[in-house]
There are 2 protein chains.
Amino acid sequence: MVQGRITIKDVAMKAGVSTATVSRVLNKSEKVHSRTRWRVERACAELGFSRDPIATALRTGRSNTVHLLIERFDGNFIPDILVGIEAKADAENYRVLVSKLDNAGRGIWEPGKQYIDGIIVISDAVHDLNLSEVAGQENLPLVCVYSYTQDIRYPCVLPDDYQGAYLAVQHLATRGCNDVGFISGPPDWPASEDRLRGYRQAVEDFGLREDPNLIEVGDWTVATGYEACLRLLERTSFDSIFAGNDSMAIGAIDALREHELRVPRDVAVIGFDNAALCRYVRPTLSSIAMPLKELGEVAMGTLLSLIDQRNNGQSSDTEHVLKLPCVLRKRDSTKVSEQLTIRDRKES
Amino acid sequence: MVQGRITIKDVAMKAGVSTATVSRVLNKSEKVHSRTRWRVERACAELGFSRDPIATALRTGRSNTVHLLIERFDGNFIPDILVGIEAKADAENYRVLVSKLDNAGRGIWEPGKQYIDGIIVISDAVHDLNLSEVAGQENLPLVCVYSYTQDIRYPCVLPDDYQGAYLAVQHLATRGCNDVGFISGPPDWPASEDRLRGYRQAVEDFGLREDPNLIEVGDWTVATGYEACLRLLERTSFDSIFAGNDSMAIGAIDALREHELRVPRDVAVIGFDNAALCRYVRPTLSSIAMPLKELGEVAMGTLLSLIDQRNNGQSSDTEHVLKLPCVLRKRDSTKVSEQLTIRDRKES
DNA sequence: ACATTTAATGGTATCGATTACAATGTAAAC
DNA sequence: GTTTACATTGTAATCGATACCATTAAATGT
């Protein structure tokens, strides 16, 4: 009763054809008489045959498997990006192998490297990394998600930080703010730079106060958000703060609270990232949500098309940088609770 | 210059032996003359040979790959558990394939099922799931992490909810609290049950007030934590709250705040889970941290030993349930800011 | 009607390793 | 000096599918 594995051979026998023909049917493409094809397909169905991926991989060198290299598993955005990657992979019948991306770049060369059709890298610091080493001498298709590399061979799928920042400031402007403080992330991060640009453009477009004194720098942490906000308070006055991320926004709120300033009544605050904590802090924190799931989907989609092109000997025609739009999440920290206060400030 | 793949054949040639001998060296176990072994090892090293895992898999039916099935990628604890799983897997030269665990249980049968040496399941609701279907007719080694199944064939690696809850109440007691309110999660969750038991035991051990009125039920969300706390406030008085998870703790704090009760001055609050948000809410929230990384490591370790035993024809000797201890994280929400208040209360 | 394509299918080597079995060498035993 | 046992090593089949080449059958052209 124990029927081992059902192989292409069994199918061939049942259908009265050769294994070569069965293989042809399985791989669509080639010409097979429709009568034969039908017989084979029926045999497959009746026997409940499914092709052995390992044998196929050995023969063809491809495995329908992509390698996902993650720098830090506990990064805030990983899970949502994973959702997108996995969904797309699943839909296209690909498998996803997950490993830690060793900072040193080694650890990828170990067994398992072969037969990988492509690579996705998620990291905060890809620009420091030699990706061609990761891609190997076979120069496997590789895309970065949520991380940037200058190497134009590798597409990068990123949130549109510029547009997201613009959105944040626009929201504050719409709400009636005029003096928007900005707490930037570290200047050497591409994301920081883009968010600053978005801030500046929106300030200009909406005719808000342009003043270098309104800009401060932190390093993404609560503590530096707090300190940056203190410096802003000393130096100038403002009616709102746009923080480069949610942690710094929370630090800023701490500082405001110490100065007896209430959020959003006295100062509106908006963050960036839309981390889970936005819904848990009080007041709940408005923020800019990155399209994480979509990033994952698009990254996987891009990778699959790279793989396709490579298999067909075409050269890749993908953009180097793909930016997906962010969306605004309004919460209490930017609510217009006291219309008057704001009017006063605008008219003064 | 393009040397294709370096195979066992190349090594055999270089070492002047047959491929069979090389294979024997590679697989340790069998007897090979030390002189020959040395020659082969040197040849391997010089050629930079590494064995092709796919070919090996095809021949042996094993692949050094485990399948990780996740119910919800965006579950709060996944990333940290993953860290542990991956670390252990990496150390033991195993690969980790990640997929979504389809609620229906299907989707696992698709190609890729074969050659999987074992399965890890992460889910919130495993008890509803037919795991034997997941394990397949081959009855692959399977372990659950952070989730429970009654099926004793499958080991479960869990945080020790009982001990964690005990720890929380002990902390409150040490701090001087006597009337500890408890907001439980839904009663049908094993975790809720265990946390309640831990609460009760600690209340008894430390001679605190035992009173059914001190116990309320929520469904893990902020909203129900809020409501549960309101009910407690109406019904009785208390000097502290232990919430079944952090979200409900936050809801409770909202309710306390509305009643002009200050945390921790008037009421101390402690949550469970030690979610990231604990460090971001104000006051920062004391909580019980589950050993997530360790859960992952132990789960993978258990799975590997199951695989080992199976390969050696032994029957599994692993415990059905493995509980790992939680640890207390003290933060502001249980700080003893006003020693007096507490003394008053204790002495009254 | 016969030559020449073209379509459809079969035979079999191959991918890179493992392993049962056979063969050889070596040393101890008689 | 054989015989015998045991330790090493080699030969070749095998895992399951693919793909090159050969072959046969059918279709087209003149």
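This structure is a prediction, so every number in the text was calculated from the model and none was measured. Quick note on labels: first sequence line is chain A, next is B, and so on, each numbered from 1. Any value given below was found using the heavy atoms of this structure, including those in side chains, with hydrogens, waters and symmetry copies removed.
If you take NZ of Lys31(B) and C1' of dT26(C), they are 16 Å apart, rounded to a whole angstrom. Taking atom NZ of Lys9(A) as the reference point, atom P of dC15(D) lies 7 Å away to the nearest angstrom. In this structure, Arg37(A) atom CZ and dA7(C) atom P are separated by 15 Å, rounded to whole Å. For the pair Ile54(A) CD1 and dA17(D) C1', the computed distance is 12 Å after rounding to whole Å. The distance from atom CE of Met13(A) to atom P of dG10(C) is 12 Å, rounded to the nearest whole Å. As a whole-Å value, the separation of Arg35(B) CZ from dT26(C) P is 9 Å. Atom CG of Leu58(A) is separated from atom P of dG16(D) by 12 Å (rounded to the nearest Å). Put simply, CZ on Arg39(A) is 11 Å from C1' on dT9(C), counting in whole angstrom units.
Partners of His33(B) under the side chain to side chain donor-acceptor pair (under 3.5 Å) rule, at least two apart in sequence or in another chain, are Arg35(B). The side-chain contact (heavy atoms from CB on, under 4.5 Å) search around Leu324(A) returns Val157(A), Pro291(A), Glu294(A), Leu295(A), Val298(A), not counting sequence neighbours.
Here the closest heavy-atom approach between residue Ala57(B) and residue Ile54(A) is recorded as CB-CG2, 4.0 Å.
Between Phe49(A) and Leu26(A), the closest side-chain pair of non-hydrogen atoms falls below 4.5 Å. Inter-residue side-chain proximity for His320(B) and Cys156(B) is flagged as met; some heavy-atom pair is nearer than 4.5 Å.
Counting only N and O atoms by type, the side chains of Asp52(B) and Thr56(B) include no donor and acceptor under 3.5 Å apart. A donor atom on one side chain and an acceptor atom on the other are not found under 3.5 Å apart for Arg310(B) and Asn139(B).
Comparing dA17(C), dG16(D), dT8(D) by their closest approach to the side chain of Asp52(B) singles out dA17(C). Residue Ser18(A) places its side chain closer to dG10(C) than to any other of dG10(C), dT8(D), dA17(C).
For the OP1/OP2 pair of dA8(C) and a distance below 4.0 Å, the side-chain nitrogens and oxygens of Thr36(A) include no atom meeting the criterion.
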**Prompt:** When you check every protein heavy atom under 4.0 Å of nucleotides 18-25 of chain D, what one-letter string (B, S, -) results, 5' to 3'?
**Reply:** BBB-----
